[in-house]
Enquirer: 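First the structure, which I've put down as structure tokens, then a few questions once you've had a look.
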Protein chains: 2
Amino acid sequence: MRIGETAAAAGTTAKTLRFYEDRGLLPVADRAPNGYRDYPHETVGRLEFIRRGRTAGLTLAQIGDILSIRDIGQAPCIHVRDLLVKQLRDLDAQIAELTALRATVAEFHDAAAAGDPAACDPERICSYL
Amino acid sequence: MRIGETAAAAGTTAKTLRFYEDRGLLPVADRAPNGYRDYPHETVGRLEFIRRGRTAGLTLAQIGDILSIRDIGQAPCIHVRDLLVKQLRDLDAQIAELTALRATVAEFHDAAAAGDPAACDPERICSYL
DNA sequence: CTTGACCTTCCAGTTTACTGGAAGGTCAAG
DNA sequence: CTTGACCTTCCAGTAAACTGGAAGGTCAAG
């Protein structure tokens with residue numbers, strides 16, 4: 001697969017793939033005889049994994065760490081396991097933080113819902129925001 | 001409270017408070033006769049709220065939206081409620097994304113835990129990372 | 001009455017994650 | 001055999017969220 005095709009399949013851009021290669025999130029791609037990058041199909045899945053991590057608020061560095069562990073497959077190394085444990089703890093903390101924030105926002109919403117919507121003229125843009 | 005004191009109480013810096021004021025996340029502070037900013041004690045809580053939002057991966061713009069809704073108190077306006085509903089949906093999506101990611105990382109961890117830790121010489125730095 | 005720890009404004013630099021654009025090579029289609 | 005849509009490298013710019021530093025004002029303590 002060529003770069004543009006791969007990028008489109010993963011919902012991103014060719015520029016971004018080159019950038020990820022540069023940052024080590026994608027392995028250096030094979031080249032066709034004409035010099036074009038040639039990607040295996042599984043790169044699409046890898047890009048989707050990166051996108052999910054980004055959506056979840058992980059940095060490229062964090063995602064890169066996880067991917068490099070995945071890449072070496074069966075890794076008995078204790079350092080690798082420690083890193084994964086740390087990643088799990090970080091993810092748990094982040095999820096807890098978001099959950100608490102959600103509760104707070106839900107309170108604001110309930111308070112706002114208690115007001116009378118008719119007090120706001122639907123023709124006008126809300127003057128508060 | 002002066003700026004440094006307020007910042008310290010919230011675990012941040014005076015620089016950051018001025019920056020937040022500039023971005024509209026903090027109301028323009030009152031000034032003492034000497035020109036120093038004078039903060040009420042509740043600013044600490046507001047800063048903690050901002051920090052929680054940042055930790056959870058919200059942008060300052062998103063946090064600012066939530067705060068401006070909170071600031072107007074009882075807001076019956078339908079636009080405000082729509083915005084809060086959207087924030088809740090966004091938070092739910094982000095939590096779901098993170099939870100899925102956590103499950104994937106847990107799989108990596110279980111796979112790594114299946115290996116033999118003795119295969120890694122504890123004297124050496126892990127060659128994989 | 002000076003030292004040091006505060007504070008003020010303003011402007012420039014940093015990091016992260018792209019994004020745009022120049023200058024040029026490749027190749028299937030008309 | 002040229003046009004257009006790809007691709008290549010390289011370098012510069014952008015947005016977000018700070019962070020640092022210069023130049024100078026304020027004020028309690030020694």
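We use all heavy atoms of the structure for the numbers below, so side chains are in, but hydrogens, waters and symmetry mates are not. Quick note on labels: first sequence line is chain A, next is B, and so on, each numbered from 1.
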Enquirer: As a test of reading the structure: which of D:dT8, C:dG21, C:dA17 is closest to the side chain of A:Phe19, going by heavy atoms?
Expert: C:dA17
Enquirer: May I ask you to decide whether A:Asp90 forms a salt bridge with A:Lys86, counting only side-chain N to carboxylate O separations under 4.0 Å?
Expert: yes
Enquirer: Tell me: CZ of B:Arg51 to C1' of D:dA17, nearest whole Å?
Expert: 16 Å
Enquirer: Indicate yes or no: at least one non-hydrogen side-chain atom of B:Arg89 is less than 4.5 angstrom from one of B:Val85.
Expert: yes
Enquirer: In whole Å, I'd like the distance from the NZ atom of A:Lys15 to the C1' atom of D:dC7.
Expert: 12 Å
Enquirer: Are A:Phe49 and A:Ile63 side-chain neighbours, meaning at least one heavy-atom pair lies under 4.5 Å?
Expert: yes
Enquirer: Any base atoms under 4.0 Å from B:Thr13, or only sugar-phosphate, or nothing? Heavy atoms, all strands.
Expert: nothing
Enquirer: Is there a side-chain contact (heavy atoms from CB on, under 4.5 Å) between B:Tyr39 and B:Val44? Walk through the geometry before answering.
Expert: CA-CA 9 Å; B:Tyr39 290 98; B:Val44 177; over 6 Å; no
Enquirer: Determine whether A:Thr16 and A:Leu47 make a side-chain contact, defined as any pair of heavy atoms from C-beta on separated by less than 4.5 Å.
Expert: no
Enquirer: Quick check: do A:Asp65 and A:Gln87 have side-chain heavy atoms less than 4.5 Å from each other?
Expert: yes
Enquirer: Which comes earlier along DNA chain D counting from the 5' end, the contact point of B:Arg2 or that of B:Ile50, where each point is its nearest nucleotide?
Expert: B:Ile50
Enquirer: Rounded off to whole Å, could you give me the CG-to-P distance for the B:Leu17 and C:dC7 pair?
Expert: 10 Å
Enquirer: Considering just the side-chain nitrogens and oxygens of B:Arg18, establish if one lies under 4.0 Å of OP1 or OP2 belonging to C:dT8.
Expert: yes
Enquirer: Given atom OH of B:Tyr20 and atom C1' of D:dA17, what is their separation to the nearest angstrom?
Expert: 7 Å
Enquirer: What is the distance, to the nearest angstrom, from the CD atom on B:Glu21 to the P atom on D:dC18?
Expert: 15 Å
Enquirer: Return the value, rounded to whole Å, for the distance between atom CG of B:Asp22 and atom P of C:dT8.
Expert: 14 Å
Enquirer: Taking only the side-chain nitrogens and oxygens of B:Arg54, find out if one of them lies under 4.0 Å from OP1 or OP2 of D:dC18.
Expert: yes
Enquirer: Look at the side chain of B:Thr16 and decide which nucleotide, out of C:dC6, C:dC18, D:dC18, has an atom nearest to it.
Expert: D:dC18
Enquirer: Carefully, step by step, assess A:Arg37 and A:Thr6 under the rule side-chain contact (heavy atoms from CB on, under 4.5 Å).
Expert: CA-CA 10 Å; A:Arg37 284 176 183 79; A:Thr6 313; over 6 Å; no
Enquirer: Once you round it to whole Å, what is the distance between P of D:dA17 and CG of B:Leu25?
Expert: 9 Å
Enquirer: In whole angstroms, how far is the P atom of C:dC6 from the CD atom of B:Glu5?
Expert: 11 Å
Enquirer: What I'd like to find out is whether the side chain of A:Ile50 reaches to under 4.5 Å of the side chain of A:Leu60, using heavy atoms alone.
Expert: yes
Enquirer: I'd like to know if the side chain of B:Arg23 reaches the main chain of B:Ala61, judged simply by a donor and an acceptor atom lying under 3.5 Å from each other, with no hydrogens or angles considered.
Expert: no
Enquirer: Compare all side-chain heavy atoms of B:Thr43 with those of B:Met1 and state whether any distance is below 4.5 angstrom.
Expert: no
Enquirer: Could you check which of D:dA17, D:dT8, D:dG21 has an atom nearest any side-chain atom of B:Arg23?
Expert: D:dA17
Enquirer: Which of residues 29-37 of chain A sit near DNA chain D, with a heavy atom under 4.0 Å from it?
Expert: A:Arg31, A:Gly35, A:Tyr36, A:Arg37
Enquirer: So if I take the C1' atoms of five pairs at each end of the helix from C:dC1-D:dG30 to C:dG30-D:dC1 and get each local axis, what angle do the two axes make, rounded to 10 degrees?
Expert: 10°
